[in-house]
Amino acid sequence: MTAMSDPIESLTKTARQLLEIEQLLGSQFTPAAVNSLPEVQLPRRAVSGLANMPPSDKAAALDDMNNNEVKVCTRCRLAKTRTQTVFGEGDPNAALVFVGEGPGQNEDETGRPFCGRAGDLLTSMIGAMGLTRDDVFICNVVKCRPPQNRNPMSDEVEACWPYLMRQLQIISPKAIVTMGNPATQKLLQTKTGITRLRGNWQALPEFADSLGGIPVMPTFHPAYLLRYYTPQVRREVWSDLQQVMTVLGLKLPKDK
Ligand code: SF4
C-alpha cells in the first residue's frame with residue numbers, strides 16, 4: 001500500500017472516500033473499521049500446484065503471464081484495436097477476486113482495470129467493505145477493449161478464457177464476485193441473467209483444474225449501477241457485498 005506522506009492529503013482523501021461511500025449506499029451506513037481479509041474456513045476443495053505457490057511466486061507467475069503472453073497476445077481480433085492489454089491488478093494472493101467483462105476506454109488508455117467513473121464506484125464499493133483495491137484482485141474476462149465498449153463476442157471470450165483460468169488458479173481466491181451478465185454467465189456457464197442470479201451464492205462449475213466449487217456472488221456491474229443509481233439497485237448491490245463479507249468473515253458496518 002502507498003504510504004501517505006501528507007496528513008492533510010490523507011484526511012481529505014478519507015473524507016472524500018466516506019462521502020463517496022455514503023453516496024453509494026445511501027444513509028443506512030456507518031463506515032466499518034478497516035477490514036483485513038482473514039484466513040477463513042470454507043468448504044475444502046482440491047488445490048492445484050499453482051494455488052500452492054508461496055505468494056511471492058504467485059506474483060512472479062502473474063507477472064510472467066502478463067509480460068510474456070498477454071501483452072503480446074494476438075489470439076483474437078481485439079488485438080488489432082486495443083491500445084494496450086489490461087491484465088488486472090491487486091493482491092496475487094487475494095481471498096477475493098472481482099471479475100468484470102472487459103476493459104473500456106479509460107482502461108484501454110491506462111492499462112489498469114476499472115478506471116474512470118465505474119472504476120471509482122467499484123473502489124468505493126470495495127471501500128465500503130472496509131477493504132482497498134490492494135487487498136483484492138480485479139480483472140476482466142477479456143484483456144483487450146472491445147470496440148465501442150460492446151460486449152465481448154463469444155469467440156473472443158473463448159480465446160482469452162485460459163488467461164482468466166490461470167489467473168484464478170494462481171490466486172486461488174476464497175470467493176469471486178462477478179459483475180454484470182457477460183462475466184457471470186461465462187464463469188457460471190449459464191444463460192440465466194444477472195437480475196435473477198444476483199444476490200444468490202453460486203459455485204464455480206468443475207470446468208478447470210482446482211477451481212470448481214469456489215463460491216461466486218453475482219452482482220450488477222458498476223456501470224449498470226451508475227446508469228440505474230436508484231435506492232433499490234444500491235441496496236441490492238450492498239446486500240450482495242455484505243453476503244461476501246459474511247462468507248469471508250469480515251466485520252459488517254453497523255446500520256444507523
Ligand atoms: S482479448 Fe485476450 S485473447 Fe484476445 S487478443 Fe486480447 S489478450 Fe489475446
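One-based numbering, in listed order, for ligands and for the atoms of each. Note that the structure is a prediction, hence the values are computed from the model and not measured.
The closest side-chain heavy-atom distance from Val99 to Leu187 is below 4.5 Å. Under the 4.5 Å side-chain criterion, counting only non-hydrogen atoms from C-beta, Thr178 is not in contact with Met217.
Heavy-atom minimum distance, Arg133 versus Thr123: NH1-OG1, 3.1 Å.
Side-chain contact, Gln167 with Lys143: a donor N or O sits under 3.5 Å from an acceptor N or O.
For atom 4 (Fe) of ligand 1, protein N, O or S atoms closer than 2.8 Å were enumerated as Cys76 SG, with waters left out.
Salt bridge annotation for Arg75-Glu156: absent, with no cationic side-chain nitrogen under 4.0 angstrom from a carboxylate oxygen.
Thr83 pairs by the side-chain hydrogen bond (donor to acceptor under 3.5 Å, both in side chains) definition with Asp108, not counting sequence neighbours.
Taking every non-hydrogen atom of Arg82 and a distance limit under 4.0 Å, the qualifying atoms of ligand 1 come out as 5 (S), 6 (Fe).
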